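A quick write-up on the structure given underneath.
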Amino acid sequence: MVTRTSDVSTHGSTLRLTVPPGSSHPTQEQFLTAWCRAQLGSLIPDRLRRWETEIGLAVNEVRMKKMKTKCGSCNIEACRIWFNSELVTKLERSIEYILVYELTHLLERHHTHRFRCLMDHFLPAPAYSPR
């Protein structure tokens, strides 16, 4: 059966992208990026609310975009967090780790001793190693 719509399905650890015949590579990539954003967008809100309460702060905005070298970033002044849309392909505990990592940066800008202590407090190392 030939499909005229795009779709992404998962099979174990494999993603299967189905696109109309003749779809260009940029079109395929745009669809996959949008799918990743939507999937990650459905995973973040509940976790964010939990950790905002746990850490004692509120984020003004969460956004997702495709990033080449980062898993996430934050803007301390705007109290905004960005997530790499491709995080959705990682383990859920990795997503949670990055979420807490970026929230912690809202409390401590640099990778200081205080930052490491806060991370150890929120996510003790053995339980949440992202690997």
Side-chain angles (χ1 to χ4, degrees):
M1 176 178 193
V2 176
T3 179
R4 294 285 175 214
T5 61
S6 300
D7 185 41
V8 176
S9 57
T10 58
H11 303 281
S13 62
T14 302
L15 290 176
R16 179 177 292 154
L17 174 63
T18 305
V19 295
S23 294
S24 68
H25 182 72
T27 299
Q28 295 170 19
E29 192 170 312
Q30 287 174 343
F31 180 79
L32 187 57
T33 298
W35 181 86
C36 287
R37 281 185 186 148
Q39 295 301 306
L40 187 59
S42 70
L43 293 173
I44 296 293
D46 289 340
R47 287 168 177 78
L48 178 62
R49 281 190 293 279
R50 174 180 166 240
W51 283 106
E52 284 176 322
T53 300
E54 180 79 21
I55 292 172
L57 56 80
V59 174
N60 290 334
E61 188 175 16
V62 173
R63 294 185 182 177
M64 286 147 277
K65 65 180 176 179
K66 190 172 180 180
M67 300 180 195
K68 289 184 180 184
T69 60
K70 295 181 180 183
C71 294
S73 64
C74 66
N75 180 308
I76 294 169
E77 290 77 24
C79 204
R80 178 185 308 122
I81 296 177
W82 289 90
F83 291 100
N84 185 333
S85 57
E86 293 181 3
L87 267 179
V88 76
T89 65
K90 307 300 180 201
L91 296 173
E92 286 191 36
R93 68 181 183 189
S94 296
I95 296 168
E96 190 153 3
Y97 180 89
I98 298 303
L99 172 62
V100 174
Y101 182 92
E102 297 304 336
L103 286 170
T104 302
H105 268 306
L106 296 177
L107 299 173
E108 179 62 44
R109 181 182 300 263
H110 301 290
H111 296 118
T112 62
H113 177 71
R114 178 174 182 254
F115 176 84
R116 290 187 304 275
C117 287
L118 287 167
M119 283 298 294
D120 287 343
H121 173 74
F122 299 135
L123 295 176
Y128 277 94
S129 177
R131 295 176 191 167

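Residues: numbered from 1 along the sequence shown. Owing to the predicted nature of the structure, the values given are computational and were not obtained by experimental measurement.
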Path from [X] to [Y] over hydrophobic side-chain contacts below 4.5 Å:
| X | Y | answer |
| --- | --- | --- |
| L48 | L123 | yes |
| M67 | L40 | no |
| M64 | W82 | no |

Is the side chain of [X] donor-acceptor paired with the backbone N or O of [Y] at a distance under 3.5 Å, no angle test?
| X | Y | result |
| --- | --- | --- |
| D7 | T18 | no |
| S42 | Q39 | yes |
| N75 | R80 | no |

Counting C-beta onward and ignoring hydrogens, is there a side-chain heavy-atom pair between [X] and [Y] closer than 4.5 Å?
| X | Y | result |
| --- | --- | --- |
| I95 | L99 | no |
| V100 | M119 | yes |
| E29 | H25 | yes |

[atom1]/[X] to [atom2]/[Y] distance, rounded to the nearest 0.5 angstrom?
| X | Y | atom1 | atom2 | value |
| --- | --- | --- | --- | --- |
| T112 | L118 | OG1 | CG | 7.5 Å |
| C74 | Y101 | SG | OH | 9.0 Å |
| L103 | I55 | CG | CD1 | 4.5 Å |
| E96 | I44 | CD | CD1 | 9.5 Å |

In this structure, is the centre-to-centre distance between the rings of F115 and H110 below 6.0 Å? no
For the rings on F122 and Y97, is their centre-to-centre separation under 6.0 Å? no
Which atom of [X] lies closest to which atom of [Y], heavy atoms considered:
| X | Y | result |
| --- | --- | --- |
| V59 | E52 | N-OE2, 2.6 Å |
| C79 | L106 | SG-CD1, 3.9 Å |
| A78 | N60 | O-ND2, 3.1 Å |
| H105 | I76 | O-CD1, 3.4 Å |
| I81 | E102 | CG2-CB, 3.8 Å |
| S85 | T33 | OG-CG2, 4.0 Å |

Name the one of K70, R37, K65, K66 that satisfies salt bridge (charged side-chain N to carboxylate O under 4.0 Å, His left out) with E86? K66
Answer yes or no: are there more than 12 heavy-atom neighbours, outside H121 itself, under 6.0 Å from its atom NE2? no
E54/R47 ion pair, N-O < 4.0 Å: no
Go through it in stages, so that I can follow the logic: the residues are R116 and E108, the test is salt bridge (Lys or Arg N to Asp or Glu O under 4.0 Å), and I'd like the CA-CA distance, side-chain angles, deciding distance and then a yes or no. CA-CA 10 Å; R116 290 187 304 275; E108 179 62 44; over 6 Å; no
